[in-house]
Amino acid sequence: MLTPTPWCLCYAPYAEFRFQLCARAWCLSEEYFTFKGRMLSPDDKMLGKLDPFYRSSVSKQKTSAEIISEARNALRTVRTQRPFTPQEAQRKLFGPASSRTSENRPPSSFSLHASSFESSDSRPISGTRLSPLELKPKVPASPTREEDSCFSFPKPPVDPAKIRRISSARARLFRAASQGALLPDRSLPPSDSKKTVESKETVMMGDSVVKINGIYLTKSNAICHLKSHPLQLTYDGGFSEIKEQEMFKGTTSLPSHLKSGGDQGKRHARASSRPSSSDLSRLQTKAVPKADLQEKDAEIEVDEVFWNTRIVPILRQLEKEENIETVCAACTELHHALEEGNMLGNKFKRRSILLKTLCKLVDVGSDLLSLKLAKIILALKVSRKNLLNVCKLIFKISRNEKNDSLIQNDSILESLLEVLRSEDLETNMEAFLYCMGSIKFISGNPGFLNEMISKGAVEILINLINQINENTEKCGTCLPNSGHLLVQVTATLRNLVDSPLVRTKFLSISALPQLCTAVEQYMGDKDVCTNIARIFSKLTSYRDCCAALASYSRCYALFLNLINKYQKKQDLVVRVVFILGNLTAKNNQAREQFSKEKGSIQTLLSLFQMFHQLDLQSQKPVGQRGEQHRAQRPPSEAEDVLIKLTRVLANIAIHPGVGPVLAANPAIVGLLLTTLEYKSLDDCEELVINATATINNLSYYQVKNSIIQDKKLYIAELLLKLLVSNNMDGILEAVRVFGNLSQDRDVCDFIVQNNVHRFMMALLDAQHQDICFSACGVLLNLTVDKDKRVILKEGGGIKKLVDCLRDFGPTDWQLACLVCKTLWNFSENITNASSCFGNEDTNTLLLLLSSFLDEELALDGSFDPDLKNYHKLHWETEFKPAAQQLLNRIQRHHTFLEPRPIPSFSHDAGEQ
């Protein structure tokens, strides 16, 4: 480099050109661009600060100026693709790549029959005998004849229109019961209060008390009462005539499941003489207004009528019908009827009858029918064993991809999500597992995507992860089956995050920290870690999600721990390294955070060494390598890790505190050079180009202990095979490295001795401004040496530079500035412009420079305001100073001769 004297600074040769990394450095971004550095003015460096690293949840749209700026830095589109996850051939809880053995995971195949279900769906008996209540209920006195004469038994069915009118009243009753009130706080109109409609009640027999139609009678009175009004339990739970002894035996001729309440009736018959708590509450009804009691009885009567007129016929049809389509239609009708009568849920007293009838139909074996049965059973709010079995039933059906349309048509997804939303996780962990398995299967079908988003699946699943995290933290250990469940949840989210709407939801509900916490707690579960790594590898390909993950301060240590623990697990490691590449492509703050983590560089180096050895072991001898279609071979597993790893090294090398450390690390530089030695572009193009780009970033740092500087000539020799290849991407990366190395005189000598300069001048004809920019940078560094300036004339370099100025000047003032600086260095010892540049090129330069220095002409382009400001900035700060100096020099050393007059044709003819 020629050192300028203080008094002639403007006439000194321009400083060496190198691809700087300060603000617009080369890196492999998540958008797969290669960013090259350039000579930056202070104003230009400020542009790099306009783009904040931590963005809001809505990604900022790039301005035209930013697009052009990145285009200047991007020489090519780098194909650093996200690791590919093949779709599993079969639908199972755990795929073939799972780390779980068959003995340590729940089965995906099992048998399920009607006998698997429990018709009562009641809580299991605890085995603890309860102490009798000290409070003895008072037995009502025997009714008088007047009272007996006013007893009212069930009336004929009520008009269906009345049923619908009173159904809302029943709904209010359930709401009141759920809040602790047995009856609503309103009374019937006076006209209705005169009616006495007694409800039908199960006969309760003890030592001395029998309850009939809501009235407590002594046993003797009950017998007397039955003699005058003999009753029998019917299918609908009503009463008809029967002999006295049959009543007290508790037996009828009907099937057991058709008796009043089925098994429930048997339990009442076997009950002890001690009144139940519900009976005690009924004894207190004397304090309740009589109108409210009558309203309750009226509502119960409506239930009985609705059951007899709407439900019973459908149940009979289900038991007798043999046609599957008819049975399916009846199930649909039954579900609608139960919903209309507010009989869904777990508070309906005839629920056990319904369950027993429905569960018998499971053995039919029809997937369509089973789905309809499962939907009704779930709507009845079953629990424990029944909940597990119905989830298994749906899981079994959803394993067949052909059933997806059936699941979608019957809205089974909504029922499954309701299970996750409302049921207790710890109590129903296994049921949740198979429920999530079904959701995972259908989440892989794009047809379910919108439905899952609209029904809140993302929020439900993230809340489920949060519950698992909290339970694990509370217990201090992972609960049984929680890891299995987490695999299904994370696999489902992995299928969903491709949607922009899902990514927006992830950011709005802070899902990323929850996933990181799950990785921390389940670090020993490779399946969980792999699924979450797949989620992050997708999310970090987007700017806003990448910034959100980077804001989680513990993520870098978390990813380093994953690499150290699963170093030999390629499918997990390659994704973690890909994520780190995305994070460190954003800004120096991310690079700094990662490099400050304890052992970060050593972890990358260890990973590099291991997979480098694996790649060497997999290499075939040169004679055995296939020559045909070698470029089309996808990278091997080891190569894929090395591709992502060199990308991380290139990105963190941009940081001024990290780059010199890496450049001085003999192990890292040695591995990069070894990669260029044994790998060709035909073997693995992406790995060779990434390794070359990493060397380029390291070559920027001119430090004394730099291994790159020590081996600069060897590196220049390795680059020759890239220059002579047919791969333009490889050529460009090699030229960029020469742009940094050519600051050294020895490297300049190497360039001239090996005719590399001729290759650079040939690239000026490429008619591609980025290629011209790179080649012109190398020529600029060569012209610093006076002895090498003559090479520009040998290969027609002056004319090529002038052509670049003419072709690209109005649209690329940075390239135009570089051309002016190269010509300035070349013409340092000028005495005559024409003899220096040539007469034609001199005139062209005078015309171009004069025009380009006219601000109105130079900036009179059809650009949007933002783009116009961008061009004006670089025109004023870079091109104008260099072009003005060059124009002044040419004008001072150019002789403007008057044109010789043309002789008159007529005068010459006259003389002749």
Electrostatic pair [X]:[Y] at N-O distance under 4.0 angstrom:
X    : Y    : value
K880 : E855 : no
R503 : D544 : no
K800 : D803 : no

Please confirm whether the backbone N or O of [Y] pairs with a side-chain atom of [X], one donor and one acceptor, at under 3.5 Å?
X    : Y    : result
T783 : N825 : no
T692 : V688 : yes
S600 : F594 : yes
R736 : S774 : no
N754 : V756 : no
N727 : G730 : yes
H894 : I890 : no
Y701 : A653 : yes
S595 : E592 : yes
S827 : I830 : no

task = Test Q884 against N888 for side chain to side chain donor-acceptor pair (under 3.5 Å), laying out the working first.
result = CA-CA 6 Å; Q884 189 66 62; N888 293 340; 3.2 Å; yes

ask   = Is there side-chain contact between R647 and N582, with heavy atoms separated by less than 4.5 Å?
value = yes

ask   = Are any of the side-chain heavy atoms of I601 and I652 separated by less than 4.5 Å?
value =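 Result yes, sub-4.5 Å side-chain heavy-atom pair found.
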
request  = Check the pair E828, R789 against salt bridge (charged side-chain N to carboxylate O under 4.0 Å, His left out), reporting the backbone distance first and the verdict last.
outcome  = CA-CA 10 Å; E828 182 185 12; R789 292 171 183 171; 2.7 Å; yes

query = Would D683 and S680 count as a side chain to side chain donor-acceptor pair (under 3.5 Å) if you check the C-alpha gap in whole Å, the side-chain angles of each, and the deciding distance to 0.1 Å?
reply = CA-CA 5 Å; D683 291 332; S680 67; 3.0 Å; yes

If you look at every heavy atom in [X] and [Y], which pair is closest and at what distance?
X    : Y    : answer
A775 : L764 : CB-CD2, 4.2 Å
C545 : L507 : CA-CD2, 4.1 Å
V735 : V778 : O-CG2, 3.8 Å
T646 : L672 : CG2-CD2, 4.1 Å
A882 : K821 : CB-CG, 4.2 Å
T842 : G838 : OG1-O, 2.6 Å

key: Chi angles and distances behind the side chain to side chain contact (heavy atoms under 4.5 Å, CB included) call for L698, I707   = CA-CA 9 Å; L698 298 179; I707 307 299; over 6 Å; no

task = Anything under 30° is parallel, anything over 60° is perpendicular, the rest tilted; go ahead and classify F879 against W813.
result = tilted

query = What orientation do F837 and F826 show, parallel under 30°, tilted 30 to 60°, or perpendicular over 60°?
reply =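 Taking F826 first and then F837, their aromatic rings sit tilted (interplane angle of 30° to 60°).
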
How about [X]: does its [atom1] atom have over 12 heavy atoms from other parts shown lying under 6.0 Å from it?
X    : atom1 : answer
K711 : NZ    : no
K596 : NZ    : no
E677 : CD    : yes

Reported [atom1]-to-[atom2] distance for the pair [X] and [Y], which is rounded to 0.5 angstrom:
X    : Y    : atom1 : atom2 : result
L782 : Q743 : CG    : CD    : 11.5 Å
F773 : L818 : CZ    : CG    : 5.0 Å
I708 : I695 : CD1   : CD1   : 5.5 Å
T822 : I798 : OG1   : CD1   : 9.0 Å

note = The side chain to side chain contact (heavy atoms under 4.5 Å, CB included) partner of L649 among L605, L671, N690, T694 is T694

query = Side chains of D854 and S851: do they bring a donor and an acceptor to under 3.5 Å?
reply = no

